[in-house]
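All remarks here apply to the structure that follows.
Atom set for the values below is all heavy atoms of this structure, side chains included, hydrogens, waters and symmetry mates excluded.
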Amino acid sequence: MAGRRGARSGRGWDAAPPRSGGGTAGRSRRGRAAGADPNGDTDATGAAGTTGWSEDDQGWPEGAATPSGRTDGGAAEQPGGFGGRRRGRSGDTAAAGPPRDEGELAREICLRQLAVRPRTRAELATALARRGISEEVAHQVLDRYDEVGIIDDAAFARAWVTSRHQGRGLARRALANELRQHGVDRDIAAEALGELDETTESETARTLVDRKLRTARGEPDAVFRRLVGMLARKGYPPGVAIRAVKDALAAQSAEAAEFAEYIDPDALADAESELDRDARAGE
């Protein structure tokens with residue numbers, strides 16, 4: 001038995017692995033291989049980094065704390081491992097400075113909103129309230145923007161009416177509803193809508209009908225109803241819509257012209273207006 005124990009000792013089974021520096025040698029064969037030089041000695045780097053790679057190889061800047069909690073200089077691991085980095089981050093945040101001024105934050109919010117598209121005062125006030133800006137600070141910032149012309153509800157309303165009428169063919173009734181949704185004052189909206197006269201509105205209605213008639217299919221009465229409904233959804237009064245469709249049908253074909261002769265725009269407009277008033281009363 002003694003001989004066998006001696007043999008085992010001779011093979012190094014009873015020998016304790018040598019310790020060097022601050023690390024534990026022999027943690028892995030890879031670590032021993034990385035730390036050994038051709039003469040059999042272990043250098044300082046091999047002793048400290050027994051996993052076989054240096055922390056710099058993983059992309060950490062020299063001298064910066066790594067996930068192990070050590071720096072490149074081999075400093076002792078801080079308590080908590082990864083927690084050391086988390087504490088460092090919160091410390092950096094604390095050292096960044098005091099909380100930002102509320103007025104500065106309000107101005108930044110407004111400018112970001114205005115960078116997307118023009119906004120009304122009501123829209124900006126809503127955005128500030130949603131971000132928790134106090135009403136007093138919001139009023140101060142918005143009043144200042146009013147003074148320097150950054151906010152101009154009248155200019156917004158005029159541009160909106162022109163753009164939406166030319167681009168989508170919307171009539172004054174639909175445009176008034178959209179301006180109200182954007183928080184434009186009723187008097188300001190009325191002034192902007194006044195620039196869209198009845199003649200222009202009628203011409204636009206006829207242009208929309210002519211465009212739809214190019215691809216319309218079906219009997220004249222069905223086409224008539226669809227086109228009048230299309231104009232109604234865009235905010236055109238019944239009289240304007242019915243007259244525009246009647247005139248367009250009369251110019252399309254002989255069959256459509258014959259149907260159009262029996263259309264009484266005034267009578268239909270009165271009926272549509274009465275139905276519209278009843279619907280509004282029931283809301």
Side-chain angles (χ1 to χ4, degrees), residues 106-107 109-131 133-209 211-212 227-245 265 268-283:
R107 288 188 290 273
I109 294 170
C110 289
L111 292 176
R112 286 181 177 177
Q113 292 282 315
L114 292 168
V116 178
R117 65 165 176 82
R119 308 275 180 175
T120 64
R121 179 179 178 121
E123 288 179 309
L124 292 177
T126 300
L128 293 175
R130 192 162 46 236
R131 293 291 299 275
I133 302 299
S134 67
E135 187 175 346
E136 180 181 0
V137 172
H139 276 302
Q140 293 174 356
V141 172
L142 296 178
D143 286 345
R144 179 56 181 164
Y145 281 5
D146 270 331
E147 293 175 5
V148 300
I150 295 178
I151 301 175
D152 189 340
D153 282 5
F156 175 93
R158 289 193 299 270
W160 188 270
V161 168
T162 300
S163 174
R164 298 287 283 175
H165 179 74
Q166 294 179 353
R168 298 289 303 278
L170 299 185
R172 284 175 292 183
R173 179 176 171 180
L175 292 169
N177 184 52
E178 289 188 344
L179 291 175
R180 182 170 59 252
Q181 292 176 354
H182 285 282
V184 177
D185 180 77
R186 180 175 298 180
D187 293 336
I188 295 177
E191 183 178 353
L193 292 169
E195 299 181 5
L196 179 60
D197 56 35
E198 294 181 2
T199 302
T200 303
E201 200 171 52
S202 298
E203 291 174 352
T204 304
R206 176 60 187 274
T207 301
L208 291 171
V209 171
R211 187 183 305 162
K212 288 290 185 180
L227 294 177
V228 170
M230 179 268 293
L231 292 178
R233 288 190 296 272
K234 290 182 177 291
Y236 288 89
V240 173
I242 293 170
R243 194 168 288 106
V245 177
L268 288 175
D270 291 340
E272 291 287 342
S273 298
E274 185 175 351
L275 290 173
D276 185 55
R277 285 194 298 269
D278 293 342
R280 287 174 175 270
E283 291 179 353

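- Looking at Arg131, its side chain never comes within 3.5 Å of a backbone N or O of Ile109 through a donor-acceptor pair.
- With rounding to the nearest 0.5 Å, the separation of CZ in Arg107 from CD1 in Ile133 is 10.5 Å.
- Salt bridge Glu147/Arg144: present, at least one basic N to carboxylate O contact under 4.0 Å.
- When all heavy atoms of Cys110 and Leu142 are compared, the pair lying nearest together is SG-CD2, 4.1 Å.
- Each of Asp152, Val184, Ile188 was scored for a side chain to side chain contact (heavy atoms under 4.5 Å, CB included) with Thr120, with one residue passing: Val184.
- Residues forming a ring-ring contact (aromatic ring centres under 6.0 Å, His included) with Phe156 (at least two apart in sequence, or on another chain): Trp160, His182.
- Glu191 CD: 12 or fewer foreign heavy atoms inside a 6.0 Å radius.
- Between the CG atom in Leu170 and the CG atom in Leu208 there is a gap of 9.0 Å [rounded to 0.5 Å].
- Distance check, rounded to the nearest 0.5 Å: CZ of Arg233 to CZ of Arg173 gives 13.0 Å.
- With rounding to the nearest 0.5 angstrom, the CG atom of Leu179 is 12.0 Å from the CZ atom of Arg158.
- Other residues, nucleotides and ligands contribute more than 12 heavy atoms inside 6.0 Å of the CZ atom of Arg117.
- Residues His165 and Glu201 approach most closely at CE1-CA, 4.3 Å, considering heavy atoms.
- Taking each heavy atom of Arg168 and Lys234 in turn, the nearest pair found is O-NZ, 2.9 Å.
- Atom-to-atom distance recorded for Asp187:CG and Asp153:CG is 12.5 Å, nearest 0.5 angstrom.
- In terms of heavy atoms, Pro118 sits closest to Glu123 at O-OE1, 4.3 Å.
- The two residues Arg121 and Asp143 come nearest to each other via the heavy atoms NH2-OD1, 2.8 Å.
- A salt bridge does not link Asp197 to Arg172: none of the charged nitrogens lies less than 4.0 Å from a carboxylate oxygen.
- Separation of atoms CD1 (Ile151) and CG (Leu114) is listed at 6.5 Å; rounding is to 0.5 Å.
- Across Leu128 and Ala138, no two heavy atoms sit closer than the pair CD1-CB, 3.8 Å.
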